[in-house]
Amino acid sequence: MQCAHWYRVPVDLMREAQEKWTTPYVDGAVQCQLSAHDDGDHFGLLTDTCAYGTALWLRWRGDYVDLVVLRDCPATGPGPDGEGCCLFAGHPEQHTWEGTPEEAPCTS
């Protein structure tokens, strides 16, 4: 299950992203792309048009917020057409292709 936390991107960080990373468009709000969690940093994807193999992310915890460029996660899913993970290298928890574990069937 994906984290339910959202963050409205501050206007000054939107401008910085557009100017410093020549990003033509930045969403006004982002959802944390990590698995469900309440503690620690949250990460919302702003754009993947940075240098090859990296993406621009909004990182926040409470009132602290900044822009970070992170390398793409190199992991791929099982199978011959393994789906690539859409998160950053070293991210916590599961990869994006991994769903939440199925609930155990009732045995009553």
Side-chain angles (χ1 to χ4, degrees):
M1 176 185 265
Q2 184 175 342
C3 181
H5 287 87
W6 284 79
Y7 201 93
R8 183 170 299 279
V9 182
V11 174
D12 59 326
L13 291 181
M14 290 175 70
R15 284 191 193 115
E16 182 179 344
Q18 291 170 329
E19 293 169 5
K20 192 171 182 180
W21 287 282
T22 61
T23 301
Y25 177 79
V26 176
D27 286 330
V30 292
Q31 181 177 5
C32 180
Q33 296 299 299
L34 300 177
S35 300
H37 66 104
D38 287 320
D39 297 333
D41 291 340
H42 296 280
F43 290 87
L45 179 64
L46 290 177
T47 184
D48 62 359
T49 59
C50 295
Y52 178 77
T54 64
L56 180 62
W57 294 82
L58 184 75
R59 174 177 57 190
W60 74 93
R61 180 188 297 196
D63 291 334
Y64 173 79
V65 61
D66 68 343
L67 298 174
V68 290
V69 174
L70 299 171
R71 290 183 327 107
D72 294 342
C73 179
T76 56
D81 296 329
E83 179 181 341
C85 180
C86 298
L87 296 174
F88 49 89
H91 63 84
E93 303 292 329
Q94 61 197 32
H95 297 290
T96 54
W97 72 81
E98 297 173 315
T100 57
E102 295 296 320
E103 292 185 42
C106 293
T107 57
S108 53

Show me the side-chain donor-acceptor pairs of residues 68-93 shorter than 3.5 Å, one per line, residues at least two apart or across chains.
| unit_1 | atom_1 | unit_2 | atom_2 | d |
| --- | --- | --- | --- | --- |
| His91 | NE2 | His95 | ND1 | 3.0 |

Please set out all donor-acceptor pairs under 3.5 angstrom arising from side-chain atoms of residues 25-39, sequence neighbours excluded.
| unit_1 | atom_1 | unit_2 | atom_2 | d |
| --- | --- | --- | --- | --- |
| Tyr25 | OH | Asp27 | OD1 | 3.3 |
| Gln31 | NE2 | Cys3 | O | 2.7 |
| Gln33 | NE2 | Gln31 | O | 3.0 |
| His37 | ND1 | Asp39 | O | 2.9 |
| His37 | NE2 | His42 | ND1 | 3.2 |

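Residue Leu13 is grouped with residue Leu46 when hydrophobic side chains (ILVMFWY) are merged at heavy-atom distances under 4.5 angstrom, including chains of intermediate members. Taking hydrophobic clusters as Ile, Leu, Val, Met, Phe, Trp and Tyr residues chained together by side-chain heavy-atom distances below 4.5 Å, Leu45 does not share a cluster with Leu56.
Scored by the side-chain hydrogen bond (donor to acceptor under 3.5 Å, both in side chains) test, Arg15 finds no partners at all (sequence neighbours excluded). Remark: Arg8 pairs with no residue by the side chain to side chain contact (heavy atoms under 4.5 Å, CB included) rule, at least two apart or across chains.
Counting only residues at least two apart or on different chains, the salt bridge (Lys or Arg N to Asp or Glu O under 4.0 Å) pairs with a member in residues 59-68 are Asp41-Arg61, Arg59-Asp66.
Counting all heavy atoms, side chain and backbone alike, Ala17 lies closest to Leu67 at N-CD1, 4.0 Å.
If you take CH2 on Trp60 and CH2 on Trp6, they are separated by 9.0 Å, rounding to the nearest 0.5 Å.
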